[in-house]
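Only one structure is covered here, and it is reproduced in the block below.
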There are 2 protein chains.
Amino acid sequence: MTTAHGARARARIEVTAAIKDEARRQLAAEGAARLSLRAVARELGMVSSALYRYFPSRDDLLTALIIDAYDSLGGSAEAAHAEAAGAGPAQRWTAVCEAVREWALAHPHEYALIYGSPVPGYTAPQATVPAASRVGLLLIGIARDAYRGLGLARPTLPGELRPEAERMAADLAPDLPPETVTALVAAWAQLFGLVGFEVFGQFNRLVEDRAAFFRHAAGQLAQGVGLVYPQRGPAA
Amino acid sequence: MTTAHGARARARIEVTAAIKDEARRQLAAEGAARLSLRAVARELGMVSSALYRYFPSRDDLLTALIIDAYDSLGGSAEAAHAEAAGAGPAQRWTAVCEAVREWALAHPHEYALIYGSPVPGYTAPQATVPAASRVGLLLIGIARDAYRGLGLARPTLPGELRPEAERMAADLAPDLPPETVTALVAAWAQLFGLVGFEVFGQFNRLVEDRAAFFRHAAGQLAQGVGLVYPQRGPAA
DNA sequence: TCGGAAGCGAGAGCACTGCTCTTGCTTTGC
DNA sequence: GCAAAGCAAGAGCAGTGCTCTCGCTTCCGA
């Protein structure tokens with residue numbers, strides 16, 4: 001009984017996938033706001049009301065696409081990380097950052113869906129959280145490897161931020177120094193600031209050689225986290 | 001003849017302003033995608049077709065709101081900068097960053113309009129450029145003051161980025177070192193990464209004391225630009 | 001095996017959207 | 001003083017998300 005629960009369930013899976021595929025096509029072509037349930041149904045040769053058997057609302061379809069986008073981005077980042085497995089922490093950091101950038105440039109509308117303005121009147125459901133965390137976990141993992149290996153330059157931290165830093169460290173990576181975790185969170189946000197500005201055209205008549213610019217900026221981020229070859233003294 | 005071109009022209013100005021005000025209200029309440037021309041007209045007691053005499057399309061209304069939002073943000077940032085006039089470059093930098101953050105938190109939907117995903121099928125018209133540049137120019141100005149005054153720590157720059165850095169410097173601030181201009185552009189994007197992540201809820205169950213976190217991150221950005229009290233040696 | 005239940009696609013319909021066009025009225029400028 | 005331009009109103013078009021009802025098909029348990 002490999003055919004899970006008969007032909008009907010199998011058909012449901014196929015139709016659901018077909019709907020998502022067509023929706024993704026329209027998303028890539030026109031953007032989230034122009035994604036139309038009726039158009040998807042039309043393209044699939046079905047009537048719009050039938051589509052509601054698979055997704056109870058337009059927002060639910062969008063949520064499914066969001067999760068898929070997070071997964072696609074996370075997969076690309078993880079693949080890039082795996083490919084750089086032999087290299088040092090700084091190189092692996094940069095490789096992950098560049099994978100994020102390249103995915104975003106290849107899928108601008110999907111990137112906008114997950115890291116642009118949230119779709120209005122819509123807050124990301126809890127279901128998206130695991131998929132959304134993958135890139136962050138990857139970056140934490142790189143820092144952890146460095147910490148356990150060559151060592152990590154420990155960033156500075158003002159006193160007023162220490163309680164918050166310890167809270168974040170307890171949540172995210174209890175084995176890492178709070179200073180490092182704080183710097184990681186900031187670098188994570190800053191990475192997507194760089195990517196977003198490029199994808200959304202803010203660099204348009206400003207930065208020409210964007211790949212080189214990004215590579216350098218990503219390296220600076222790694223340095224801010226402490227992911228440099230410790231020349232002047234390792235972790236305190 | 002102070003009344004520019006009679007009562008009709010004056011009425012036009014007033015009605016245009018009333019439309020923008022009501023549209024801004026709806027934008028703040030519901031977000032850009034739910035901004036409806038018909039609802040604006042309804043609220044103003046006019047019929048929807050009449051509104052097209054003032055804005056030829058919904059996108060044109062949005063463009064007007066975008067420019068206003070850039071101006072409002074730029075004004076807030078400039079005001080904060082003026083208030084910190086006596087302080088050193090690092091403090092003024094942080095003050096501007098915090099003003100940007102506070103404006104964004106107070107006007108999330110307007111922030112999303114200008115720094116979130118661009119409205120689909122819509123590329124920002126040239127008219128928005130001057131208004132959009134104000135924050136960036138402010139940051140460049142702070143760096144320039146520091147450069148002419150106490151001096152500026154000069155960031156490092158890889159060789160592959162030098163041509164691009166010189167191009168950007170020629171465009172943006174020919175009087176500043178290319179390394180500084182490059183760091184400025186990166187910091188600019190990273191600043192909006194931090195702000196965007198907070199406004200769009202990416203920090204939600206992650207960072208609690210966001211004000212302190214942001215203050216620290218902004219200070220780190222200033223340091224990356226070279227805007228620190230030169231302790232170890234001023235500009236080379 | 002068969003009968004009720006659940007799943008499914010189709011169609012009609014509601015309330016809404018952006019936008020266009022025509023119809024009259026008013027203000028403006030020559 | 002009169003033609004031209006600006007204006008509000010209404011009707012209408014094509015499109016949207018979503019609901020409801022209708023028959024048909026598949027499923028599952030007695």
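Sequence lines set the chain letters: A, B, ... in the order given, protein chains first and strands last, and positions in each chain run from 1. The basis for the numbers below is simple: all heavy atoms, side chains too, and nothing from hydrogens, waters or symmetry mates.
Taking only side-chain atoms of Val47(B), from C-beta outward, the nucleotide of dA9(D), dC19(C), dC18(D) with the closest atom is dA9(D). Closest to the Arg42(A) side chain, of the nucleotides dA9(D), dG15(D), dC27(D), is dG15(D). Out of dC8(C), dA10(C), dA8(D), the shortest distance to the side chain of Arg12(A) is found at dC8(C). Nearest nucleotide to the Met46(B) side chain, out of dT21(D), dA9(D), dG18(C): dA9(D). In the set dA8(D), dT16(D), dA10(C), dA8(D) carries the atom at the smallest distance from any side-chain atom of Tyr54(B).
Rounded to an integer number of Å, the gap from Arg10(B) CZ to dT26(C) P is 19 Å. Rounded to a whole Å, the OH atom of Tyr52(B) is 13 Å from the C1' atom of dC21(C). In this structure, the CG atom of Leu51(A) is 13 Å from the C1' atom of dA10(C), given to the nearest Å. Rounded to an integer number of Å, the gap from CZ of Phe55(A) to P of dC18(D) is 13 Å.
Relative to the axis of its first five pairs, the axis of the last five pairs of the helix from dT1(C)-dA30(D) to dC30(C)-dG1(D) sits at 10°, rounded to 10 degrees.
Put simply, the residue from Leu139(A), Leu184(A), Leu191(A) that forms a side chain to side chain contact (heavy atoms under 4.5 Å, CB included) with Leu221(A) is Leu191(A).
Put simply, Arg8(A) has no side-chain N or O that comes within less than 4.0 Å of OP1 or OP2 on dC27(D).
A side chain to side chain donor-acceptor pair (under 3.5 Å) check over residues 37-54 of chain A, counting only residues at least two apart or in different chains, returns nothing.
Under 4.0 Å is where a charged nitrogen must lie from a carboxylate oxygen, and between Arg101(A) and Glu98(A) no such pair does. A salt bridge is absent between Arg205(A) and Asp171(B): the closest approach of a Lys/Arg side-chain nitrogen to an acidic carboxylate oxygen does not fall below 4.0 angstrom. The pair Arg167(B)-Asp209(A) does not meet the salt-bridge criterion, since no charged nitrogen lies less than 4.0 angstrom from a carboxylate oxygen.
Taking the six-membered ring wherever Trp is involved, the centroid distance between the rings of Phe200(B) and Tyr115(A) does not fall below 6.0 Å.
Between the base of dG15(D) and the side chain of Arg38(A) there is no donor-acceptor pair shorter than 3.5 Å.
Comparing Ala39(A) and Ser49(A) along DNA chain D, the residue whose closest nucleotide (by nearest heavy atom) sits nearer the 5' end is Ala39(A).
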